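In what follows, a single structure is set out as structure tokens and then discussed.
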Amino acid sequence: MTTQEQARSREERRRDTLARLTDDKDSWVATASLDGQPCLMPLSFAWDGATLLMCTRRTNPTARNLTPRGEVVVTLGHTRDVVHIEGTAEVVEGSALAAESADAFATKLRWDPRDRHPWVYLRITPRVVKAWREENELKDRLIMNDGHWLD
């Protein structure tokens, strides 16, 4: 018989989510084409305290799907420790990215794509963040709404 852990408070979820954004390197990124074709891709990321920075080839569906609308869903973790982020993304050319951001990305991920023309950065600004582990945390999983962390 398994016992379910006590549900975390919103503050605990926020703290755990910020730690995951700082420490994790990989995520799942979901986009959709204009005709509704879904695309789910794994991408590495760096977190700057307000946005996620990722990189992909400009010809990949993920980058192409973001151009018209900028809508994106990003998830971190596994099925028993989920961080679900809904946000907007902008495509940023390597030469247009601030050196501080490009340096932070390169340091965390040990890869520096800023001078590689086929690659572009994706800067994702979270609008909604949900975090949960088990069923007992589903009811209060919302920890950010409209770009603001909830108390």
Side-chain angles (χ1 to χ4, degrees), residues 8 10 12-135 137-150:
R8 295 170 294 165
R10 183 175 281 142
E12 288 172 310
R13 290 179 208 205
R14 179 178 173 181
R15 187 176 53 245
D16 292 347
T17 296
L18 290 170
R20 173 154 269 162
L21 285 165
T22 301
D23 299 338
D24 284 11
K25 293 180 181 177
D26 300 317
S27 65
W28 287 101
V29 180
T31 60
S33 65
L34 285 175
D35 65 357
Q37 182 68 35
C39 176
L40 180 65
M41 293 299 299
L43 291 177
S44 298
F45 71 93
W47 170 252
D48 68 6
T51 63
L52 294 106
L53 190 61
M54 301 176 179
C55 194
T56 190
R57 289 183 182 270
R58 73 180 69 252
T59 55
N60 284 349
T62 301
R64 289 194 323 265
N65 291 347
L66 292 175
T67 303
R69 291 182 295 223
E71 295 297 315
V72 64
V73 172
V74 177
T75 60
L76 311 176
H78 49 82
T79 58
R80 299 224 187 262
D81 193 3
V82 177
V83 174
H84 176 94
I85 301 166
E86 300 169 23
T88 55
E90 63 176 314
V91 176
V92 181
E93 297 293 331
S95 60
L97 188 66
E100 180 180 327
S101 295
D103 290 345
F105 183 92
T107 298
K108 180 176 183 182
L109 301 172
R110 298 175 148 194
W111 179 55
D112 192 346
R114 71 184 110 183
D115 294 326
R116 296 180 177 187
H117 180 69
W119 296 85
V120 291
Y121 289 97
L122 310 176
R123 182 178 299 282
I124 298 170
T125 303
R127 207 175 48 253
V128 172
V129 177
K130 300 172 186 174
W132 69 93
R133 288 189 177 149
E134 298 283 345
E135 186 276 332
E137 291 189 352
L138 289 176
K139 182 179 138 238
D140 296 319
R141 65 185 167 227
L142 185 67
I143 60 173
M144 176 189 277
N145 195 28
D146 201 23
H148 300 286
W149 295 104
L150 302 176

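Any value given below was found using the heavy atoms of this structure, including those in side chains, with hydrogens, waters and symmetry copies removed. If you're wondering where the values come from, they're calculated on a predicted model, not measured in any experiment.
A distance of 8.5 Å separates CD of E71 from CD of E86, quoted to the nearest 0.5 Å. Atom CG of residue D24 and atom CG of residue L52 lie 10.5 Å apart, to the nearest 0.5 angstrom. With rounding to the nearest 0.5 Å, the separation of CD1 in I143 from NZ in K130 is 11.5 Å. Between the CZ atom in R10 and the CD atom in E137 there is a gap of 12.0 Å [rounded to 0.5 Å]. A distance of 12.5 Å separates CZ of R58 from CZ of R64, quoted to the nearest 0.5 Å. Here CZ of F45 is found 7.0 Å from CD1 of I85. Values are rounded to the nearest 0.5 Å.
By the side chain to side chain contact (heavy atoms under 4.5 Å, CB included) test, A104 pairs with no residue at all, sequence neighbours left out. Taking the side chain to side chain contact (heavy atoms under 4.5 Å, CB included) definition, one finds that S101 meets it with L53, L97, A98, R123, sequence neighbours left out.
Across L109 and A46, no two heavy atoms sit closer than the pair CD1-N, 4.5 Å. Listed here is the closest heavy atom pair of S33 and N65: CA-OD1, 3.4 Å. Between W149 and L18 the shortest heavy-atom distance is CZ2-CD2, 3.8 Å. The shortest heavy-atom contact between T56 and W119 is C-CE3, 3.3 Å. Closest heavy-atom contact between T31 and T62: OG1-CA, 3.9 Å. Nearest heavy-atom pair across S27 and M54 is OG-CE, 3.4 Å.
Put simply, the side chain of L122 does not reach to within 4.5 Å of the side chain of E90, judged on heavy atoms. With contacts defined as side-chain heavy-atom distances shorter than 4.5 Å, the pair W111/S44 does not qualify. No side-chain heavy atom of M144 sits under 4.5 Å from any side-chain heavy atom of V128.
Judged by distance alone, with hydrogens and angles left aside, the side-chain atoms of D48 form a donor-acceptor pair with the main-chain N or O of A50 at under 3.5 Å. When atom types are taken as modelled, the side chain of R141 and the backbone of V82 share no donor-acceptor pair closer than 3.5 angstrom. Here the side chain of K108 pairs a donor or acceptor atom with the backbone of T22 at under 3.5 angstrom.
Between Y121 and F105, the ring planes lie perpendicular to each other; the angle is over 60°, past the 30° to 60° tilted range. Relative orientation of the H84 and W132 rings is tilted, given thresholds of 30° and 60° on the angle between their planes.
Ionic pairing of D16 and R133 is present here: one or more N-O contacts between side-chain nitrogen and carboxylate oxygen are shorter than 4.0 angstrom. Ion pair D103/R114 flagged as a salt bridge, since at least one NZ, NE, NH1 or NH2 atom sits closer than 4.0 Å to an Asp/Glu carboxylate oxygen.
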